[in-house]
Every structure is written in C-alpha cells, then in structure tokens.
Amino acid sequence: MFDRVLVKKESLNHLRHNWKYPLFVTFVTGFLSVCFNAKDLISSLFSFTLSSPSPAGFIWFFMSPVLSIAARYFYLSFVKTREQASFTDFLEGLNLWFKGILSFLYVLAKVILWSLLLIIPGFIKALSYSMTTCIIAENPSIGIKKAVKLSMLLTKGYLFDIFMFYVSFLGWFIIVLLTGGLFGLWLSPYVNTASTFVYLFLKETALESGTVTHEDFEA
C-alpha cells in the first residue's frame, strides 16, 4: 500500500515554482486534441447521436498514444531532475512514436479480449497494464511484451491502491467539465506528476523486494 495523500502532496511540492513546462506540454497536447476532435465533438453534441469518426478523429486515434508516451517521457525527466527538465524532453519523447502506437494497440487488444469475458476482468487488467507506458518511456529499448509483463509485476498487490489513487481525482475532473476543460491545464500536470511518482515508487518497491531486477528493464 502506498500513501496517495503523501504522493499528491509531494507532487504539488515538486510543481511549486516549476509549472512552466508541464503547463506548456498540457497546452500543446490539449490544443492538438481540440484541433483533431472538435468537429466530431460538435457534431455529436448537436445531433445527440454518436457518429462515425472523421478522418481527423481517426488520425487522432493514432496520434494520442504518441503524445501520451512523449508526455510520459517528459514527466519522468521532470520528476527526476525538476528544474533541468524542459520542453525538449517532450520533443525527444516523440521519437518513441512507433512504440507508443504499438504498445497502445497491444494493451488495448488485451484489455478488449479480457473484457469479452466480463467488464471487471478487463478493468482489472487495464490497471495491471497501466505502467507499460512509463516502463517504455524510461527504457526505450525494452520490448513491448516485456514491458507489459513488468507492469503486471510492478502493480501486483497494488491494483486497488492505483484505482483509489485515480478515484481521488474525481472531484477535480468534475471541475474540468464545469470549466469547459480550462481547469485541465492545471489538473493534467498535477495528475501526470503524481502518477509518475507512483510508478517510481512501485518500481523501487519491486526492486527492493526482488520481484524485479535492474536487468529486467534492459532489452
């Protein structure tokens, strides 16, 4: 069990006087999301039906995991080095675009297959695979299947803690909706910084217990 209150407090302390680049990364990814999804969103709102995605929405389906792994690459640098992290780290993370897409599709396929049994097994597996992107971003040479297996090892025994960690942000997400997404500019850096601290905690704990070794994170 990890103390999510302590993790969130540590994250805010880490962000204090260092919001510049996290906010910029959030703005860039958010702006691109709006650009590619605005038409589909407006169409759904006014027609009150779910329409097939536009070409832009289809492109976003593949662009989203690319930006996600680049953002994770940035936040790993930000948590580890703080003031030394910059937007360049995000740009460097874009080099992982191919693994970002493949890992997203691989995890998505596995979650869908588990969900065909029941929703709950699929949800549990989604939590179990949740550290895959972090592992790949921190260890770019590692294989996708190996990253997924390591994620399962890191999260074993912590699935409920991870679930409650994200649930604890529910109130903030409601505020994001009420502010038309503007509050997300503040919330996204907070959640991403905190979730990166969670990943590093799980990794360190697994290393100390012998569940994994440093060699496991090599290609």
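- Around CH2 of Trp97, the count of heavy atoms belonging to other residues, nucleotides or ligands within 6.0 Å does not exceed 12.
- Remark: aromatic rings of Phe90 and Tyr21 are distant, center separation not under 6.0 Å.
- Side-chain rings of Phe36 and Phe61 stay apart, their centers remaining 6.0 Å or farther from each other.
- Inter-residue side-chain proximity for Phe98 and Ile69 is flagged as unmet; no heavy-atom pair is nearer than 4.5 Å.
- Around atom CG of Leu178, more than 12 heavy atoms belonging to other residues, nucleotides or ligands sit under 6.0 Å away.
- Formation of a donor-acceptor pair under 3.5 Å by the Ser115 side chain with backbone atoms of Val111 is found in this model.
- Counting only distance, with no hydrogens or angles, the side chain of Ser68 and the backbone of Pro65 share no donor-acceptor pair below 3.5 Å.
- Side-chain contact between Val7 and Phe201 is absent, with no heavy atoms from C-beta onward closer than 4.5 Å.
- Without hydrogens or angle criteria, Lys146 side chain to Glu218 main chain gives a donor-acceptor distance under 3.5 Å.
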Show the numbers, then the answer: is there a side chain to side chain contact (heavy atoms under 4.5 Å, CB included) between Asn139 and Leu150? CA-CA 12 Å; Asn139 311 275; Leu150 285 172; over 6 Å; no

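- Screening residues 138-158 for ring pair (Phe, Tyr, Trp, His ring centres under 6.0 Å), with sequence neighbours left out, gives no hits.
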Just do the side chain to side chain contact (heavy atoms under 4.5 Å, CB included) check on Trp60 and Leu32 with the steps written out, would you? CA-CA 9 Å; Trp60 177 253; Leu32 290 173; 4.0 Å; yes

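- Taking every heavy atom of both residues into account, Ile135 and Ser151 meet most closely at CD1-N, 3.5 Å.
- To the nearest 0.5 Å, the span separating CZ on Phe27 from OG on Ser188 amounts to 13.5 Å.
- In this pair, Phe160 and Phe163 present their aromatic rings tilted. The plane angle is within the 30 to 60° band.
- Smallest separation of non-hydrogen atoms from Leu200 and Val79: CD1-CG1, 3.6 Å.
- In this structure, Phe87 places its CZ atom where more than 12 heavy-atom neighbours from other residues, nucleotides or ligands lie under 6.0 Å away.
- In the hydrophobic clustering of this structure, Val167 groups with Phe165; members are Ile, Leu, Val, Met, Phe, Trp, Tyr whose side-chain heavy atoms approach within less than 4.5 Å, directly or through other members.
- Rounded to the nearest 0.5 Å, atoms CZ (Phe62) and CG (Leu105) are 6.0 Å apart.
- At most 12 non-hydrogen atoms from other residues, nucleotides or ligands lie less than 6.0 angstrom from CH2 of Trp172.
- When the shell of 6.0 Å around NZ of Lys80 is examined, it contains more than 12 heavy atoms from other residues, nucleotides or ligands.
- When all heavy atoms are compared, the tightest approach of Ser103 to Ile136 is CB-CD1, 3.5 Å.
- If you check the side chains of Thr213 and Asp216, you find a donor sitting under 3.5 Å from an acceptor.
- Counting heavy atoms from C-beta outward, Thr26 and Asn192 have side chains that stay 4.5 Å or more apart.
- Cluster membership check: Leu177 does not share its hydrophobic cluster with Leu182, using side-chain heavy-atom separations under 4.5 Å among Ile, Leu, Val, Met, Phe, Trp and Tyr.
- We find the CD-NE2 distance between Glu83 and His17 to be 10.5 Å, quoted to the nearest 0.5 Å.
- Side chains of Thr155 and Leu127 form no contact here, defined as non-hydrogen atoms less than 4.5 Å apart.
- Summarising the geometry of Ser168 relative to Lys8, their closest heavy-atom pair is OG-NZ, 3.1 Å, with the distance given to 0.1 Å.
- Cluster membership for Leu12 and Phe74, using ILVMFWY side-chain heavy atoms within less than 4.5 angstrom, is shared.
- For Ala137 against Leu96, the heavy-atom pair with the smallest separation is CA-CD1, 4.0 Å.
- You'll find the side chain of Val198 reaches within 4.5 Å of the side chain of Met131, heavy atoms only.
- Relative ring orientation between Phe78 and Tyr75 is described as perpendicular, the plane-to-plane angle rising above 60° on a 0-90° scale split at 30° and 60°.
- Here the side chain of Arg4 pairs no donor or acceptor atom with the backbone of Asp161 at under 3.5 angstrom.
- A continuous path of Ile, Leu, Val, Met, Phe, Trp and Tyr side chains, each step under 4.5 Å between heavy atoms, connects Phe58 with Phe104, placing both in one hydrophobic cluster.
- With contacts defined as side-chain heavy-atom distances shorter than 4.5 Å, the pair Ser130/Tyr199 does not qualify.
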How far apart are the C-alpha atoms of Ser128 and Leu159, what are their side-chain angles, what is the distance that settles it, and do they pass the side chain to side chain contact (heavy atoms under 4.5 Å, CB included) test? CA-CA 7 Å; Ser128 183; Leu159 295 181; 4.2 Å; yes

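- Ring geometry, Phe183 versus Trp186: the interplanar angle falls from 30° to 60°, so the pair is classed tilted.
- Looking only at side-chain heavy atoms (C-beta outward), Leu67 and Leu94 come within less than 4.5 Å of each other.
- Residues Asp89 and Tyr73 come closest through the heavy atom pair O-CD2, 3.0 Å.
- Here Leu202 contributes atom CG and Leu207 contributes atom CG; the two are 11.0 Å apart, rounded to the nearest 0.5 Å.
- Annotation: Lys149, atom NZ; neighbour count of heavy atoms from other residues, nucleotides and ligands within 6.0 Å does not exceed 12.
- Judged by distance alone, the side chains of Lys156 and Thr211 never bring a donor and an acceptor atom under 3.5 Å apart.
- Using modelled atom types, one side-chain atom of Lys99 and one backbone atom of Ile142 make a donor-acceptor pair closer than 3.5 Å.
- Val107 and Leu116 are members of different hydrophobic clusters when ILVMFWY side chains are connected at heavy-atom separations under 4.5 Å.
- The CG atom of Leu154 sits 10.5 Å away from the CD atom of Glu204 when rounded to the nearest 0.5 Å.
- For Asn18 (side chain) and Arg16 (main-chain N/O), a donor-acceptor pair under 3.5 Å exists by modelled atom type.
- Remark: the backbone N or O of Tyr190 is not paired with any side-chain donor or acceptor of Thr193 at under 3.5 angstrom.
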